[in-house]
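Below is one structure, written out as structure tokens; comments come after it.
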Amino acid sequence: MRRYYRFYGRVQGVGFRYRAQQAARSLGVTGWVTNLYDGSVEMEAQGKEEELDRLLAMIRQGRYVDVADLTVKEIEEREGDLSFVII
């Protein structure tokens with residue numbers, strides 16, 4: 001399964017993207033994460049449902065990360081993703 005996420009709150013300048021990448025790689029999840037100009041963070045992640053749920057939990061455990069709001073929707077899976085990258 002593949003999910004699109006948009007995170008709001010204190011999510012830039014706190015190591016959010018690095019944490020997301022490390023967590024995703026440890027779980028075998030593929031996709032990408034990037035900062036947006038409005039201060040939010042956008043992410044697509046692909047893996048098993050349990051892995052995606054765990055990824056979200058691991059990101060939220062970041063020391064300085066404070067997710068005030070979150071949008072999540074399931075999207076079509078993509079073939080060919082080999083890793084999880086920061087854009």
Side-chain angles (χ1 to χ4, degrees):
M1 94 180 329
R2 188 175 187 94
R3 290 182 182 157
Y4 167 84
Y5 301 86
R6 183 100 175 246
F7 299 90
Y8 302 89
R10 190 174 56 209
V11 293
Q12 288 192 19
V14 292
F16 185 100
R17 293 177 300 155
Y18 176 77
R19 181 166 191 75
Q21 182 182 51
Q22 295 305 310
R25 288 182 173 175
S26 75
L27 295 166
V29 171
T30 61
W32 53 266
V33 64
T34 191
N35 285 341
L36 296 177
Y37 292 106
D38 67 356
S40 65
V41 173
E42 188 175 51
M43 180 174 82
E44 285 189 16
Q46 184 167 306
K48 296 178 183 172
E49 184 173 9
E50 310 82 49
E51 295 167 341
L52 298 181
D53 292 343
R54 181 72 182 128
L55 172 63
L56 191 55
M58 291 171 77
I59 290 171
R60 286 178 172 239
Q61 291 172 356
R63 175 180 264 176
Y64 302 107
V65 171
D66 182 20
V67 177
D69 196 16
L70 170 65
T71 302
V72 182
K73 67 179 179 178
E74 288 190 30
I75 57 176
E76 189 174 325
E77 288 186 34
R78 293 188 187 163
E79 293 191 29
D81 270 0
L82 301 176
S83 64
F84 191 95
V85 297
I86 297 172
I87 299 175

(message) Is it the case that the side chain of Arg19 and the backbone of Met58 share a donor-acceptor pair, with hydrogens and angles ignored and the cut-off at 3.5 Å?
(response) yes
(message) Taking Leu36's backbone N and O only, do any of them form a donor-acceptor pair with Gln12's side chain (distance below 3.5 Å, no angle check)?
(response) yes
(message) Assigning hydrophobic clusters by single linkage (Ile, Leu, Val, Met, Phe, Trp, Tyr; side-chain heavy-atom cutoff under 4.5 Å), is Val33 placed with Val14?
(response) yes
(request) Identify whether Val11 and Tyr8 are in the same connected component of the hydrophobic contact network (ILVMFWY, side-chain heavy atoms under 4.5 Å). (result) no
Rounded to the nearest 0.5 Å, how far does [atom2] of [Y] lie from [atom1] of [X]?
X	Y	atom1	atom2	value
Glu44	Thr34	CD	OG1	11.5 Å
Phe16	Ser40	CZ	OG	10.0 Å
Phe7	Ile59	CZ	CD1	4.5 Å

(message) I'd like to check Leu55 versus Met43 (side-chain heavy atoms, cut-off strictly below 4.5 Å). Are they in contact?
(response) yes
(request) Scan for ring-ring contact (aromatic ring centres under 6.0 Å, His included) pairs involving residues 18-41, sequence neighbours excluded, and state none if there are none. (result) none
Without placing hydrogens or testing angles, list every side-chain donor-acceptor pair under 3.5 Å for residues 70-87, not counting sequence neighbours.
residue : atom : partner : partner atom : Å
Glu77   : OE2  : Met1    : N            : 2.9
Asp81   : OD2  : Arg2    : NH1          : 2.7
Asp81   : OD2  : Arg2    : NH2          : 3.3

